[in-house]
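Heads up, the thing below is written out as structure tokens.
Bear in mind the structure is a predicted one, so any value in this text is a computation, not a measurement. All chains are named by letter (A, B, ...) in the order of the sequence lines, taking the proteins before the strands, and each is independently numbered beginning at 1.
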Amino acid sequence: MSVASTSAAAKGRTLVWFRKALRVHDNPALSRGTLHATACQPVFVLDPWFCQPSRVGANRMRFLLQSLRDLDAQLRARGSSLLVLHGEPRVVLPRACKKWRVDSVTWEHDIEPYAKIRDAAVRGALERAGVECHAASGHTLYDVDEMLEKCKGAPPTTYQGFFKIVDKMGAPNAPIDAMEKMPGSFASSDEETKALVQGVADAYGIPTLEDLGYEPLGDDEGFPGVGGETEGLRRLRLMLARKEWIGQFEKPSTNPTTRFHGLSQSGKTKPKSPFEIAAGRSKDGDASTSGAEALMIPSTTALSPYMKFGCVSPRVFYHELTAVYKELEGKHSKPPTSLMGQLMWREFYYLVAAGTKNFDKMEGNAICRQIPWKKDRELFAAWENAQTGFPWIDAAMTQLRREGWLHHLARHAVACFLTRGDLFIHWEWGRDAFDRDLVDADWALNNGNWMWLSCSAFFYQYFRVYSPIAFAKKYDKDGQYVRHYLPVLKNMPSKYVYEPWLAPLDVQKKAGCVVGVDYPAPIVDHSAASKRCVDDIATAYAAHKDANAVAGKKRKASD
DNA sequence: AGTATCGTTGGGGCC
DNA sequence: GGGCCCCAACGATAC
């Protein structure tokens, strides 16, 4: 089923159900729900399925709540407002529609497994009650169903193959401007609304983290940026103003040991975008700082959380970036490494995810290599809790747990270490940890990247293993990143900061960090462990080849 | 059909 | 410090 963006707008009394796309600009579901409506109620449903720290970590939940507050402000500026309901969507939405005699409901199409089940249940309940339902594509540049139609059965498994589909699709739709005035909402009476939500949940409005049962976050915790459309667009435009930087952007040469510097949300200073930090640290206002200071400027855009929640439209990103490229007269980097290339990776994973059964599992997933991963709770806990004894890995895991964000290559390093590089633990376990802790966790991208890194799909050069010692050293010789996240290593000489177990005992003592006492000894011998991993994957690949050969013979015999 | 080439992001040694 | 090659060798694709 494909829903073209040109489909008729919903009429009468409408309800716009926000999930992602937490924005008023370029929001097809919002446009369809408001264009011909006599009255419209924007709604977000806090679903108990998501509202638990084991599924959505505090950092992402806070970013979501901030984004909802901003969305409410945007709607209020247009004569409307956001109603936040608590409960299961298939229960609370039909109840709300009945109470307010809603004619139709619009929402943004979502390919995630839970969303598909949820949306089908909501649609069933609403349609039985005579309420029309409209799903519009909006989270991706293109309608994934339209792309799948062009794939003739199987989506491409290579990035280059994906571009053949992109060529067939043409340019993505131009963004839709935010409307200046929205139809009036009908949940305006607080008493009436409270009566509605009573019996469904015990709260109304946008709650705080604590309301939802989360522990409050400390000053140095969380993504260093406020959630929401306003801040997302502001950061996007700060980036777009750096035309030279955009033209030169090459993802593989960005630096995974860069970090946000000293930015807290509760402090006096407002968190800044990477581009403001860069400007503030160089006299001439460009990003050409070097040495120690350069490590305190994230080398990528850090827009991913805003993309995950749809605070920023991918089509706005695409078209405004295209305009900058035009100004650069073709003198700019190209996919896959360019900035546009990054946006296209996102699109690629969405297409493959939408067209692959069991995309988020190893078993029953046709594109995923079957590998006998270990399920070792103890090793996994060491990885997850930053206790591997490898400072670079533990520092990155600390940043992940504390801030909910990691540079892409740091994600590579820890994912490789957990799976095919050292511990040989199932990628689904690592996927779950990222899915919980990352502020930008996006189902299609997260699963795709874990399969990539574990050599389960897309990428198969398993003998190329990231070293938990050498890799970060290339970027950050003195280990400043490691010292920041693991203060126990603050005084370790640079020579040993990536492998403190090699330091003579008197050096360890002098640094105040005795391995095995103050900081864990390495849980594996990297050299031996990685060799074993390579052998084990080679064996699994060979078994796959044999199985395919047998299957091929059978096919031939039956012809 | 068989072969060459390529693939966003490896490490280590050498010059 | 950057460029080059080798390590041992993957799958998908183009020809």
Side-chain angles (χ1 to χ4, degrees), chain A residues 151-152 154-166 248-258 290-291 294 298-301 304 332-349 352 366-371 390 392-393 396 406-417 419-422 445 448-478 498-499 525-549 552 556:
Chain A
C151 293
K152 290 176 187 156
T157 54
T158 66
Y159 192 65
Q160 288 184 349
F162 164 71
F163 266 84
K164 289 179 188 164
I165 308 298
V166 170
Q248 291 171 355
F249 187 90
E250 296 272 0
K251 187 62 171 280
S253 55
T254 58
N255 185 337
T257 65
T258 53
S290 58
S299 59
T300 52
T301 70
S304 52
H332 57 82
S333 51
K334 303 271 160 37
T337 57
S338 66
L339 215 43
M340 186 64 88
Q342 307 314 300
L343 194 60
M344 288 299 182
W345 277 107
R346 177 178 183 273
E347 200 76 7
F348 168 63
Y349 281 131
V352 185
I367 67 165
C368 184
R369 284 284 182 283
Q370 304 299 301
I371 294 168
F390 291 93
W392 156 240
I393 300 298
L406 280 179
H407 184 282
H408 189 59
L409 290 178
R411 300 181 196 204
H412 276 217
V414 299
C416 181
F417 184 86
T419 58
R420 68 180 169 87
D422 289 86
L445 282 60
N449 277 311
W450 273 97
M451 281 190 270
W452 181 295
L453 258 301
S454 61
C455 285
S456 297
F458 310 114
F459 175 83
Y460 305 95
Q461 289 168 275
Y462 54 81
F463 35 86
R464 291 189 181 173
V465 177
Y466 289 92
S467 163
I469 298 144
F471 183 67
K473 210 187 272 181
K474 275 192 303 199
Y475 302 94
D476 179 8
K477 199 167 169 294
D478 298 327
Y498 287 103
E499 35 197 345
D525 173 339
H526 168 65
S527 171
S530 62
K531 278 192 187 77
R532 234 198 113 176
C533 286
V534 165
D535 287 348
D536 288 351
I537 295 184
T539 306
Y541 274 20
H544 169 79
K545 229 181 207 171
D546 289 349
N548 276 1
K556 242 182 185 173

What's the closest nucleotide to the [X] side chain, out of [options]?
{"X": "Leu409(A)", "options": "dA9(C), dT9(B), dA12(C)", "value": "dT9(B)"}
{"X": "Lys251(A)", "options": "dG11(B), dG11(C), dT8(B)", "value": "dT8(B)"}
{"X": "His408(A)", "options": "dG7(B), dA9(C), dT9(B)", "value": "dT9(B)"}
{"X": "Gln342(A)", "options": "dG10(B), dT8(B), dG12(B)", "value": "dT8(B)"}
{"X": "Thr157(A)", "options": "dA12(C), dT8(B), dG11(B)", "value": "dA12(C)"}
{"X": "Lys164(A)", "options": "dA14(C), dC10(C), dG10(B)", "value": "dA14(C)"}
{"X": "Thr158(A)", "options": "dT13(C), dT8(B), dG11(B)", "value": "dT13(C)"}

I'd like to know if the side chain of [X] reaches the main chain of [Y], judged simply by a donor and an acceptor atom lying under 3.5 Å from each other, with no hydrogens or angles considered.
{"X": "Glu250(A)", "Y": "Ser338(A)", "result": "no"}
{"X": "Ser456(A)", "Y": "Cys368(A)", "result": "no"}
{"X": "Ser454(A)", "Y": "Thr419(A)", "result": "no"}

> Which is true for Arg369(A) with a 4.0 Å heavy-atom rule: it touches a base, it touches only sugar-phosphate, or it touches nothing?
Replying inline: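 Result for Arg369(A) = sugar-phosphate.
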> Looking for any heavy atom pair under 4.0 Å, which part of the strands does Ser467(A) touch: base, sugar-phosphate only, or nothing?
Replying inline: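 Sugar-phosphate only.
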Can you check the [X] [atom1] to [N] [atom2] distance for me, whole Å?
{"X": "Phe463(A)", "N": "dC6(C)", "atom1": "CZ", "atom2": "P", "answer": "15 Å"}
{"X": "Tyr475(A)", "N": "dG1(C)", "atom1": "OH", "atom2": "P", "answer": "14 Å"}
{"X": "Tyr462(A)", "N": "dG7(B)", "atom1": "OH", "atom2": "C1'", "answer": "16 Å"}
{"X": "Met340(A)", "N": "dT8(B)", "atom1": "CE", "atom2": "C1'", "answer": "16 Å"}
{"X": "Trp345(A)", "N": "dT9(B)", "atom1": "CH2", "atom2": "C1'", "answer": "10 Å"}
{"X": "Phe162(A)", "N": "dA12(C)", "atom1": "CZ", "atom2": "C1'", "answer": "17 Å"}
{"X": "Arg464(A)", "N": "dG12(B)", "atom1": "CZ", "atom2": "P", "answer": "14 Å"}
{"X": "Gln461(A)", "N": "dC7(C)", "atom1": "CD", "atom2": "C1'", "answer": "13 Å"}

> Does dA9(C) have a Watson-Crick or wobble partner in any strand here, with both distances under 3.5 angstrom, and which is it?
Replying inline: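 For dA9(C), the partner nucleotide comes out as none, under the 3.5 Å rule.
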> What is the pairing partner of dT9(B), taking Watson-Crick or G-U wobble pairs with both distances under 3.5 Å in any strand?
Replying inline: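 dT9(B) is paired with nothing.
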> How are the rings of Phe390(A) and His526(A) set relative to one another: parallel (under 30°), tilted (30 to 60°) or perpendicular (over 60°)?
Replying inline: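 Ring orientation, 0 to 90° scale: perpendicular.
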Using the [atom1] atom in both, what is the distance from [N] to [M], to the nearest Å?
{"N": "dC4(C)", "M": "dC6(B)", "atom1": "P", "result": "16 Å"}
{"N": "dA9(C)", "M": "dA1(B)", "atom1": "P", "result": "27 Å"}
{"N": "dA14(C)", "M": "dT8(B)", "atom1": "P", "result": "13 Å"}
{"N": "dG2(B)", "M": "dA8(C)", "atom1": "P", "result": "27 Å"}

> Between Tyr462(A) and Arg420(A), which heavy-atom pair has the shortest distance, and what is it?
Replying inline: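 Closest approach of Tyr462(A) to Arg420(A): O-NH1, 3.5 Å.
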>> On a heavy-atom basis, which atom in Cys455(A) and which in Tyr541(A) lie closest, and how many Å separate them?
In response: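 Shortest heavy-atom contact: O-OH, 2.7 Å.
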> Nearest nucleotide by nearest heavy atom, which residue falls closer to the 5' end of DNA chain C, Lys477(A) or His544(A)?
Replying inline: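 This one resolves to Lys477(A).
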> Would Asn255(A) and Thr257(A) count as a side chain to side chain donor-acceptor pair (under 3.5 Å) if you check the C-alpha gap in whole Å, the side-chain angles of each, and the deciding distance to 0.1 Å?
Replying inline: CA-CA 6 Å; Asn255(A) 185 337; Thr257(A) 65; 2.8 Å; yes
Is there a side-chain polar atom (N or O) of [X] under 4.0 Å from OP1 or OP2 of [N]?
{"X": "Gln160(A)", "N": "dG7(B)", "value": "yes"}
{"X": "Lys545(A)", "N": "dG11(C)", "value": "yes"}
{"X": "Lys474(A)", "N": "dG11(B)", "value": "yes"}

